[in-house]
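All values below were derived from every heavy atom in this structure, side-chain atoms included, with hydrogens, water molecules and symmetry-related copies excluded.
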Amino acid sequence: MATKKTVWITLLCIFVVSQADQGFDVRHHLSTVTRYSVSKDVTQNLIQGSNVPSECTPIHLNLVARHGTRSPTKKRLRELENLAGRLKELVRDAEARKLPLDKIPGWLGQWKSPWEGKVKGGELIRQGEDELYQLGIRVRERFPSLFEDDYHPDVYTIRATQIPRASASAVAFGMGLFREKGNLGPGRNRAFAVTSENRASDTKLRFFECCQNYKSYRKAKEPAVDKLKEPVLNKITASVAKRYGLSFTKEDVSSLWFLCKQEASLLNVTNQSCELFSPSEVALLEWTDDLEVFLLKGYGNSLNYKMGVPLLEDVLNSMEEAIKAREEKLPPGSYEKARLRFAHAETIVPFSCLLGLFLHGSEFEKIQKEQPLELPPQPPKTRDFRGSTMAPFGGNNILVLYSCPADSSPKYFVQVLHNEHPIALPGCDGKDFCSLEDFKAKVVTPHLKHAFDNLCNANRDDPKQKPASSKLSILFGWLFGSSQDTEL
């Protein structure tokens with residue numbers, strides 16, 4: 001009787017695990033390679049939106065968005081072509097050793113990179129264009145009063161970094177935002193301006209490239225991050241090698257995981273390279289990616305997000321300018337109503353950290369004191385910090401400034417949306433909607449202790465010579481395209 005009971009329990013456990021695996025969708029576990037459509041409505045850390053009083057009206061909107069889905073960069077294209085040769089080599093090795101080949105997936109020995117022969121990469125792809133185009137349509141539909149004025153570049157300011165996928169995202173967004181507002185072509189499109197700062201001096205959207213102390217920190221920290229990831233990669237490598245009878249190395253597994261992310265996100269293919277890994281292995285691989293984002297872009301070091309203060313100040317300044325225009329009763333069309341920015345994961349992750357997103361109260365107090373947070377816990381433990389929800393392709397933060405009736409106190413409020421949904425703001429008592437005074441005092445002001453130059457260029461070995469050489473290194477970096485192969 002006990003034996004039968006044990007058998008039934010075992011079968012039940014197998015059934016439960018099988019059902020869980022069937023409900024597993026790898027496309028939700030791709031860290032910052034996740035598509036916006038997959039991540040947009042994930043409920044993690046989202047809250048029931050505040051009931052904005054009907055008599056309060058939106059008077060200004062700030063948008064900080066990541067570019068849409070893009071193709072692999074040139075460096076990664078070469079890695080995938082090398083992987084094709086490596087997989088054939090592994091199969092030939094198994095054949096030479098007369099190992100059973102029935103465990104080896106049929107596609108593996110014949111696989112060719114879908115991007116074979118492509119020499120340039122990193123560009124916005126059609127799906128990425130559509131992500132930003134649809135976002136532009138939804139933003140106008142949600143805030144019609146903000147976008148009822150005739151277009152003028154001083155009323156609707158659109159900025160992007162000089163990286164083409166960011167400026168292309170700005171164009172796609174603008175086409176959706178101003179759809180049927182012009183006279184160009186059957187879609188009644190209209191022309192609009194997208195401006196960019198020089199890469200070497202763009203402290204608002206490319207602060208990560210202008211901040212020399214951050215670049216030094218990142219270079220020094222990357223080996224330690226790799227060391228933290230190594231036990232997980234070693235464990236998965238041993239498991240995958242045993243499962244398929246192939247002599248996979250840690251580097252092979254890393255490349256196959258990258259391929260899985262590209263196939264699942266860009267091509268919607270989940271039954272090939274992604275199936276080499278079990279759901280629990282995918283969760284661990286996702287965690288290694290999130291760990292890297294946390295330590296090199298997020299809450300793992302205060303410099304990661306403090307260097308984004310010029311962007312936070314720009315957001316606040318735009319709100320104060322909008323208030324001044326309203327109180328001076330300037331005529332419509334003579335002042336800015338939206339400031340729209342398009343950049344990278346290296347922009348949106350630090351900016352989200354400055355706002356304190358995906359934190360609880362005690363953690364928020366720590367970052368305001370510039371204290372490091374604990375590392376995101378390893379699966380199967382749950383965690384709030386996830387690249388897939390914080391900075392997917394097309395990920396965004398929207399800050400809307402509201403004006404309420406003159407007899408109300410306070411008069412101005414800020415609402416924060418993450419990927420278009422209300423999100424808890426620790427500095428606003430866990431709400432998405434709070435007074436501008438509270439937003440300034442509890443969210444913005446604590447970060448204003450240090451000027452950008454003091455944070456990023458102070459304490460260099462030779463303060464008189466270093467800035468010039470740093471600018472030259474930045475200049476040569478973007479002239480020869482090296483930065484496009486590393487940033488997200």
- Query: Would Lys118 and Glu123 satisfy salt bridge (charged side-chain N to carboxylate O under 4.0 Å, His left out), going step by step from the backbone distance to the final call?
  - Reply: CA-CA 12 Å; Lys118 200 170 184 286; Glu123 78 282 3; 2.9 Å; yes
- Candidate pair Ser167 and Gln162, rule side chain to side chain donor-acceptor pair (under 3.5 Å), full reasoning: CA-CA 7 Å; Ser167 54; Gln162 283 192 330; over 6 Å; no
- Query: Step by step, would you call Asn301 with Leu295 a side chain to side chain contact (heavy atoms under 4.5 Å, CB included)?
  - Reply: CA-CA 6 Å; Asn301 184 290; Leu295 288 169; over 6 Å; no
- Could you go step by step and tell me if Leu455 and Asn213 meet the side chain to side chain contact (heavy atoms under 4.5 Å, CB included) rule? CA-CA 7 Å; Leu455 274 171; Asn213 285 337; over 6 Å; no
- Task: Given side chain to side chain contact (heavy atoms under 4.5 Å, CB included), test Trp115 with Leu266 step by step and report yes or no.
- Result: CA-CA 11 Å; Trp115 300 276; Leu266 279 65; 4.0 Å; yes
- Check the pair His421 / Lys40 against side chain to side chain contact (heavy atoms under 4.5 Å, CB included), numbers first and verdict last. CA-CA 8 Å; His421 293 283; Lys40 174 180 171 291; 4.1 Å; yes
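A donor-acceptor pair under 3.5 Å links the side-chain atoms of Arg188 to the main chain of Glu180, judged by distance alone. The backbone N or O of Lys431 sits nowhere less than 3.5 Å from a side-chain atom of Asp429 that would complete a donor-acceptor pair. Checking side-chain atoms of Ser39 against main-chain N and O of Thr34 turns up no donor-acceptor pair under 3.5 Å. A donor-acceptor pair under 3.5 Å is absent between the side-chain atoms of Glu346 and the main chain of Lys297, judged by distance alone. Of the possible donor and acceptor atoms, one in the side chain of Arg35 sits under 3.5 Å from a partner among the backbone N and O of Ser265. Between the Ser318 side chain and the Val315 main chain, a donor and an acceptor come within less than 3.5 Å of each other. At distances below 3.5 Å, not a single donor-acceptor pair connects side-chain atoms of Asp289 with backbone N or O atoms of Thr32. For Asp290 (side chain) and Gly387 (main-chain N/O), a donor-acceptor pair under 3.5 Å exists by modelled atom type. Under a 3.5 Å cut-off, the side chain of Ser31 and the backbone N or O of Ser388 do not form any donor-acceptor pair. The main-chain N or O of Gly122 is never found under 3.5 Å from a side-chain atom of Thr73 such that the two would form a donor-acceptor pair.
To the nearest 0.5 Å, the span separating CG on Leu177 from CG on Leu135 amounts to 9.0 Å. Taking CG from Leu316 and OG1 from Thr445, the interatomic distance works out to 7.5 Å, rounded to the nearest 0.5 Å. Note: Leu425 CG to Asp432 CG = 8.5 Å, rounded to the nearest 0.5 Å. The SG atom of Cys56 sits 11.0 Å away from the NZ atom of Lys411 when rounded to the nearest 0.5 Å. How far CG of Asn304 is from SG of Cys353: 7.5 Å, rounded to the nearest 0.5 Å. Between Asp41 atom CG and Thr389 atom OG1 the span is 12.5 Å, to the nearest 0.5 Å.
Look at Arg140 and Glu148 and you find no salt bridge, because none of the NZ, NE, NH1 or NH2 atoms lies under 4.0 Å from a carboxylate O. A salt bridge between Lys75 and Glu79 is absent, with no side-chain N of the basic residue lying under 4.0 Å from a carboxylate O of the acidic one. Between Asp150 and Lys181, no side-chain nitrogen of the basic residue sits less than 4.0 Å from a carboxylate oxygen of the acidic one, so the salt-bridge criterion is not met. A salt bridge links Glu320 to Lys440: at least one charged side-chain nitrogen sits closer than 4.0 Å to a carboxylate oxygen. Comment: Glu197 does not engage Arg159 in a salt bridge, judged by the lack of any side-chain N to carboxylate O separation of less than 4.0 angstrom. With respect to the salt-bridge test (charged N to carboxylate O, under 4.0 angstrom), the residues Arg142 and Glu420 do not qualify. Using a cutoff of 4.0 Å between basic side-chain nitrogens and carboxylate oxygens, Lys366 and Glu374 are not scored as salt-bridged. In this structure, Arg27 does not pair ionically with Glu263, as no charged nitrogen and carboxylate oxygen lie closer than 4.0 Å. Ionic pairing of Arg199 and Glu209 is not present here: no N-O contact between side-chain nitrogen and carboxylate oxygen is shorter than 4.0 angstrom. Between Glu336 and Arg339 there is a salt bridge, since a side-chain N of the basic residue sits under 4.0 Å from a carboxylate O of the acidic one.
Counting heavy atoms from C-beta outward, His28 and Val38 have side chains that approach closer than 4.5 Å. In this structure the side chain of Asp149 reaches within 4.5 angstrom of the side chain of Lys337, judged on heavy atoms. Residues Leu340 and Asn62 fail the side-chain proximity criterion, which asks for heavy atoms closer than 4.5 Å. Counting heavy atoms from C-beta on, the side chains of Phe294 and Leu375 come closer than 4.5 Å. With a 4.5 Å cut-off on side-chain heavy atoms, Val444 and Leu448 count as touching. Leu436 is not listed as a side-chain neighbour of Phe413, based on a closest heavy-atom distance of 4.5 Å or more. You'll find the side chain of Leu61 stays beyond 4.5 Å of the side chain of Leu401, heavy atoms only. Using a 4.5 Å heavy-atom cutoff, the side chains of Asn397 and Ser352 are in contact.
Between Phe385 and Phe358, a ring centre-to-centre spacing not shorter than 6.0 Å is recorded. Taking the centre of each ring, Phe173 and Tyr133 stay at or above the 6.0 Å mark. Side-chain rings of Tyr402 and Tyr412 stay apart, their centers remaining 6.0 Å or farther from each other. For Tyr214 and Phe207, the ring centers sit 6.0 Å or farther from each other. In this structure, His29 has its ring center closer than 6.0 angstrom to the ring center of Phe24.
Lys229 pairs in a salt bridge (Lys or Arg N to Asp or Glu O under 4.0 Å) with only one of the listed residues (Glu292, Glu222, Glu286), which is Glu292. When each of Ile348, Asp314, Asn396 is tested with Arg341 by the rule side chain to side chain contact (heavy atoms under 4.5 Å, CB included), just one qualifies, namely Asp314. Screening Cys274, Ser273, Ser254 for a side chain to side chain contact (heavy atoms under 4.5 Å, CB included) with Leu259, the sole residue that qualifies is Ser273.
Taken as a pair, Cys210 and Cys456 fail the criterion of an SG-SG distance shorter than 2.5 angstrom.
Geometrically, Arg76 engages Phe258 in a cation-pi contact, judged by NZ or CZ lying under 6.0 Å from the ring centre and within 45° of the ring axis.
Under a cut-off of 6.0 angstrom, the local environment of NZ in Lys120 is sparse, with at most 12 non-hydrogen atoms contributed by other residues, nucleotides or ligands. Heavy-atom neighbours of Lys324 NZ from other residues, nucleotides or ligands within 6.0 Å: at or below the threshold of 12.
With no hydrogens or angles considered, a side-chain donor-acceptor pair links His447 and Lys306 at under 3.5 Å. Using modelled atom types and a 3.5 Å distance limit, the side chains of Ser196 and Asp202 yield no donor-acceptor pair.
In this structure, Tyr151 and Phe192 have perpendicular ring planes: the angle between them is above 60°, well past the 30° mark.
For the pair Gly427 and Lys442, the tightest heavy-atom approach, listed with the atom from each and the gap, is O-CD, 3.1 Å.
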